[in-house]
2 protein chains.
Amino acid sequence: MTVETGGVDQGRLFELLWGAPTAPRRGPRPTLTLAAIARAGITIADADGLDGLTMQRVAESLDVTKMALYRYVPGRAELVALMLETAIGEPPPPPAGADWRGQLDDWTRQLFDRFRRHPWAHAATVGPRLPGPHELAWLERVVAALAGTGLTGAEQLDVAVLLVGHARNLAQHAAPDDAPHAGREAGFGMLIRGREDRFPALDAALRDTDPEATDAALDFGLARILDGIEALITARSTRRS
Amino acid sequence: MTVETGGVDQGRLFELLWGAPTAPRRGPRPTLTLAAIARAGITIADADGLDGLTMQRVAESLDVTKMALYRYVPGRAELVALMLETAIGEPPPPPAGADWRGQLDDWTRQLFDRFRRHPWAHAATVGPRLPGPHELAWLERVVAALAGTGLTGAEQLDVAVLLVGHARNLAQHAAPDDAPHAGREAGFGMLIRGREDRFPALDAALRDTDPEATDAALDFGLARILDGIEALITARSTRRS
DNA sequence: GATACTCTGTATCCGAGGGACACAGTTTAG
DNA sequence: CTAAACTGTGTCCCTCGGATACAGAGTATC
């Protein structure tokens, strides 16, 4: 019996992400590697999104037939999971000498950067998934930074969920570097024009906003979140002493 | 010239979401309505996800041919956008007599509920989109709640982004009601077992966590965020006075 | 070294799904 | 009553993921 979820074979995915690089000795030597396939897929998805990612295109960019890929990867869904692991990569080392807040601040921005560099990563992380080693390593960093702050284990994990969500959410909102700063005005400013009576508060908020100002939603949200966490940690420590 | 983005005709999508219910007078009367189509799609997607949503199935559930749908909806992508607008629905009225914090707290939980009832909604909201009237109405509520708190227009919008992200993010993590409480342990506890040396902090956090405890990530994150916002508002008002 | 076994890449085929297009029937404007 | 406009349908095509069978390449065993 093989456990399947949404067309993804969990067992095969597990050994793909977590298994040791198996090297059978019989037969012709493989022309490809998992890493090369993942890189090729990432390049394509970076350029044209997940919709542009077809087995055919990946195979072409590696000069093999489409079906050759299935010798390495069970299917498209598993390929995307592998691409995600590769694109997220190892977590960066925590900044030297930083306290928990400095560590989490840096951590969130770094994760944001990775997500922004690979816009398809957001779509690749919807729904329950089997996390890869890199993904868990990122989580580990958050929890490690919070060790000794007085938060419970569950709370430390909740913080991680909160920060991952913020980084991922804002990477989606953020325009890629090359885009000519679309701004909020272009976003829904034009929708509100002519409907100021239905959206008076939005209209006022947009009027109050300098259309040339840089989008600071990442910093703003991150600062609020960290302030909130800090308040909790402080309350805990003062109550205990 | 028609502007296209990712296979979605923006112009046609705009009139689909924002246009007045057009009623041409010539020819046979339509057998379907946009609302009925959207409801049918929602029912299917609720049950089988966006992957299970095919034009064929939607048509069958309405007793028409697949191609009949294209008389109402430009294509699948636009159908999903319409389904999203319908599924999100009108924002609930703000709780009577609540301050900004009470309003935002309630608002976030309500939005969370809508997302959780329609798991496909997360996937339907990735990437830049054209928001519908309902979506803007939800945003309007947040900004309206924050009017007079001393936050700038941009900051009010940043708060909205932050709260939407949290609600949406946690609706994804949250298991549907009928699921037998998978818990974090089942999630990656088994992955850490045997690798405690690579993930010591995660291991400690999981050991510290009662596996029977209910998942409080929504409340935790929301409380932190609102605490952070409150701190900012307080700082602003005290500085000005 | 010959042989059998196994692994790799390929060629071919299939089904599902989105959508274009032309047509026939229906309803209303003039 | 006729022409125009609109609706639903049948048919066709293309793209894509994936199953299967096969031919060649390389290795272990005798």
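Every chain is numbered from 1 and lettered A, B, ... according to where its sequence line falls, protein lines coming before strand lines.
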**Asked** With sequence neighbours left out, what residues match R109(A) under salt bridge (charged side-chain N to carboxylate O under 4.0 Å, His left out)?
**Response** D105(A), D219(A)

**Request:** Please name all residues satisfying salt bridge (charged side-chain N to carboxylate O under 4.0 Å, His left out) with R57(B), sequence neighbours left out, ordered by chain then number.
**Result:** D48(B)

**Asked** So does K66(B) reach the base of dG19(C) with its side chain, donor to acceptor, closer than 3.5 Å?
**Response** yes

Could you write out each protein N or O paired with an N or O of nucleotides 4-6 of chain C at a distance under 3.5 Å?
unit_1 : atom_1 : unit_2 : atom_2 : d
dC5(C) : O2     : R26(A) : NH1    : 3.1

**Request:** Evaluate the side chain to side chain contact (heavy atoms under 4.5 Å, CB included) criterion for residues W107(B) and V164(B): first the C-alpha distance (whole Å), next the side-chain angles of each, then the deciding distance (0.1 Å), finally the verdict.
**Result:** CA-CA 9 Å; W107(B) 184 93; V164(B) 172; 3.5 Å; yes

What is the distance, rounded to the nearest whole Å, between atom [atom1] of [X] and atom [atom2] of [N]?
| X | N | atom1 | atom2 | value |
| --- | --- | --- | --- | --- |
| D48(B) | dA16(C) | CG | P | 16 Å |
| R76(A) | dG17(C) | CZ | P | 15 Å |
| L32(A) | dC7(C) | CG | P | 17 Å |
| Y72(A) | dT8(C) | OH | C1' | 7 Å |
| L62(A) | dT10(C) | CG | C1' | 16 Å |
| E60(A) | dT10(C) | CD | P | 12 Å |
| R57(B) | dG18(C) | CZ | P | 11 Å |
| D51(B) | dG15(C) | CG | P | 21 Å |

**Item:** Pairs where residues 132-144 of chain A contributes a residue and the test salt bridge (Lys or Arg N to Asp or Glu O under 4.0 Å) is met, not counting sequence neighbours
**Value:** R129(A)-E135(A)

**Asked** Across the strands shown, which category fits M55(A) at heavy-atom distances under 4.0 angstrom: base, sugar-phosphate, nothing?
**Response** sugar-phosphate

**Request:** Describe the nucleic acid contact of L69(B) in one word from base, sugar-phosphate, nothing, applying a heavy-atom distance below 4.0 Å.
**Result:** nothing

**Asked** In terms of the nearest nucleotide of DNA chain D, which residue is placed more toward the 5' end: P30(B) or Y70(A)?
**Response** P30(B)

**Request:** Name the closest nucleotide to the R71(B) side chain, picking from dA22(C), dT10(C), dG18(D).
**Result:** dA22(C)

**Message:** The side chain of M67(A) is closest to which nucleotide in this list: dT9(D), dG17(C), dG18(D)?
**Reply:** dG18(D)

Pairs under 3.5 angstrom only: tabulate donor-acceptor contacts from the side chains of residues 33-43 of chain A to other protein residues two or more places apart or in another chain.
unit_1 : atom_1 : unit_2 : atom_2 : d
T33(A) : OG1    : A36(A) : N      : 3.1
T43(A) : OG1    : R39(A) : O      : 3.0

Can you give each donor-acceptor pair under 3.5 Å made by side-chain atoms of residues 66-73 of chain B, sequence neighbours left out, with the distance rounded to 0.1 Å?
unit_1 : atom_1 : unit_2 : atom_2 : d
Y72(B) : OH     : T31(B) : N      : 3.4
Y72(B) : OH     : L32(B) : N      : 3.1

**Message:** Apply side chain to side chain contact (heavy atoms under 4.5 Å, CB included) to residues H122(B) and H122(A) and explain how you reach the verdict.
**Reply:** CA-CA 10 Å; H122(B) 193 143; H122(A) 193 141; 3.5 Å; yes

**Asked** Where each residue is assigned the nucleotide of DNA chain C containing its nearest heavy atom, which of R29(B) and L53(B) is assigned the position nearer the 5′ end?
**Response** L53(B)

